[in-house]
There are 2 protein chains.
Amino acid sequence: MAAPERFAELARQFSAFGAVRRDLSRALPYDCPPGSTAVLTLLGRDGEMRMSRLAELLAVDLSVTSRQVAHLAERGWIDRSPDPADKRSRILHLTPAGEAKLQEIFLNTTRLFSDRLGDWSEHDIDELIRLLTRLRAGFGDCRSPRPPYASDPIPVHPHK
Amino acid sequence: MAAPERFAELARQFSAFGAVRRDLSRALPYDCPPGSTAVLTLLGRDGEMRMSRLAELLAVDLSVTSRQVAHLAERGWIDRSPDPADKRSRILHLTPAGEAKLQEIFLNTTRLFSDRLGDWSEHDIDELIRLLTRLRAGFGDCRSPRPPYASDPIPVHPHK
DNA sequence: TATTGTTATACTCTATAACTATA
DNA sequence: TATAGTTATAGAGTATAACAATA
C-alpha cells in the first residue's frame, strides 16, 4: 500500500489530465463532441447493442446515453431499431455514414497522437494502456453505488 | 513510434478515464467541486500566486479561473489581495479556513484511493504518476495554440 | 411491480467575446 | 497599445426525478 502522499500526487495528475482531454477534444470534428465520439467508438468496436448496455460500458447514467444517442441519430450516424424480443428496448448500430465519421475521427486522433507522443517508446505506451485499464476496472461506476467516502454523512454532489 | 491501433486503444482508455474522474468527484465535499479543489490544491502546494499563473498551471482560460476563484473567495477559503507591484493584478493565497478545507479533502481522497488502489504495488502507482506527468507535458494547453489536427479547415469546436 | 428508455431540470466545466482598469 | 482580470453568454457533460410504455 502506497503512502498518502503518493495518492495525493496521483490525484493531482488526475486533475491535470483535464488538459489532455481538452487538447484531444479540439481534434474532433465540430459536429461530434467527445461524448458522441465515445458512443461511436464503442459501437464500432463492439457492434450493435442496447441503450442500457451502452450506458454500462460508458459508466454513465442511461439518461446521458439517451441524449447522446439522440444527437447521433439526428445526424444519421446510428440507427435505433426496435428490439423484437423486448418492445421497450432499442438496438443501436452504426450506419455507413456513422462508420465514415468514425474513420474520420480515427485519422484525426491518430495524427494528433503521432505528434504528441511521437517520441514515446512502445513500452511506455503499452504501460500507460495497461495501467489506465486497471485503473478503470478498480474505480467506480455511478450505476453500481458503493459506500460513500466523503466525510459528509450523505451524498456529496447533489446532482451526482 | 507506435502503431495507429495502439493510439486508438489509448484514446479509448482516455475516454474511459471519465468514470474515474466522476468516482473521485463523488468523494469531494458538496460545496467544493473538482475545479475548486484543483485551485485549492495548487495554492496549497505552490503557495501564493497571481490569477494568470494559476490559469497557466491549470491549463485553462483565465476566465475559468476567475470564476472558480470567486467561488472560493465567497466561501472564505482564499484571499485576493492587491499586488502592490501591479495594480491590475491580485495575489491569491489560502486562508486558514481554506487550509482546513484542503485537509478535509485530502483525507477524503486518501480514503477513496486506499479502497480503490489498495492492491496496487508501489511500483505501479509510481509508474502511473510518471506516465501521466509525461503525458501532461506533451499534450496541449489552450493558452498556447498549436496548429489544429482536425480535417476541418477551421477550428473545430466553436467554443474552444 | 419492475425495467427500458425519454424528457425536464439543474449544476459544473469550459471557451469566446466584450468590457474595465492599469501598464 | 497591450495586459490582468471580470462578467455575460453559450455549449457540452453529468445526475436526479418524473414519466410512459412494456415486461
Side-chain angles (χ1 to χ4, degrees), chain A residues 15 17-19 21-26 28 30-39 49-56 58-73 80-92 140-143 145 154-160, chain B residues 15 17-19 21-26 28 30-39 49-56 58-74 80-92 140-143 145 155-160:
Chain A
S15 171
F17 185 78
R21 274 190 305 117
R22 292 192 290 278
D23 198 15
L24 208 44
S25 82
R26 289 184 206 102
L28 297 177
Y30 77 96
D31 54 358
C32 196
S36 301
T37 297
V39 171
M49 65 183 77
R50 306 171 17 145
M51 297 279 316
S52 48
R53 171 69 177 150
L54 187 56
E56 182 189 336
L58 293 169
V60 296
D61 191 86
L62 187 55
S63 66
V64 175
T65 304
S66 179
R67 179 165 310 235
Q68 288 169 334
V69 162
H71 175 271
L72 294 167
R80 289 180 284 190
S81 42
D83 183 347
D86 183 344
K87 284 179 188 162
R88 296 171 303 181
S89 209
R90 305 228 240 175
I91 307 291
L92 313 171
D141 181 330
C142 68
R143 292 157 310 88
I154 292 294
V156 249
H157 271 301
H159 61 293
K160 276 175 184 167
Chain B
S15 171
F17 185 78
R21 274 190 305 117
R22 292 192 289 278
D23 197 15
L24 207 44
S25 83
R26 288 184 207 104
L28 297 178
Y30 77 96
D31 54 359
C32 196
S36 301
T37 297
V39 171
M49 64 182 77
R50 302 167 28 139
M51 298 280 316
S52 48
R53 172 67 177 152
L54 187 57
E56 183 188 336
L58 293 169
V60 296
D61 191 84
L62 186 55
S63 65
V64 175
T65 303
S66 179
R67 179 164 310 232
Q68 287 169 335
V69 162
H71 175 271
L72 295 167
E74 281 167 16
R80 288 179 284 190
S81 43
D83 182 347
D86 183 343
K87 285 178 187 160
R88 296 172 303 180
S89 208
R90 303 227 240 177
I91 307 291
L92 312 171
D141 180 330
C142 68
R143 292 158 309 88
V156 239
H157 272 300
H159 61 293
K160 276 173 184 166

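Quick caveat, the model's predicted, so the values are computed rather than measured. Note on naming: letters A, B, ... go to the chains in the order of the sequence lines (proteins, then strands), and numbering restarts at 1 for each one.
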Residues forming a side-chain hydrogen bond (donor to acceptor under 3.5 Å, both in side chains) with [X], sequence neighbours excluded:
{"X": "A:Asp83", "result": "none"}
{"X": "B:Ser66", "result": "none"}
{"X": "A:Arg50", "result": "A:Ser89"}

Does the side chain of [X] get closer than 4.0 angstrom to OP1 or OP2 of [N] through an N or O atom?
{"X": "B:Arg67", "N": "C:dC11", "result": "no"}
{"X": "A:Ser52", "N": "C:dG5", "result": "yes"}
{"X": "B:Arg26", "N": "D:dA15", "result": "yes"}
{"X": "B:Ser89", "N": "D:dG5", "result": "yes"}
{"X": "B:Arg90", "N": "D:dA4", "result": "no"}

Checklist entry - Which residues satisfy the salt bridge (charged side-chain N to carboxylate O under 4.0 Å, His left out) test with B:Arg53, sequence neighbours excluded? => result B:Glu56

Checklist entry - Excluding sequence neighbours, so at least two apart, what forms salt bridge (charged side-chain N to carboxylate O under 4.0 Å, His left out) with A:Arg80? => result none

Item to check | Protein proximity profile, nucleotides 17-23 of chain D - base contact B, sugar-phosphate-only contact S, no contact -, cut-off 4.0 Å on heavy atoms | outcome: ----BBS

Checklist entry - What's the closest nucleotide to the B:Met51 side chain, out of D:dT14, D:dG5, C:dT4? => result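 For B:Met51, the side-chain atoms sit closest to D:dG5.
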
Next on the checklist: Without decimals, in angstroms, what is the distance between A:Asp83 CG and C:dT3 P?
Outcome noted: 17 Å

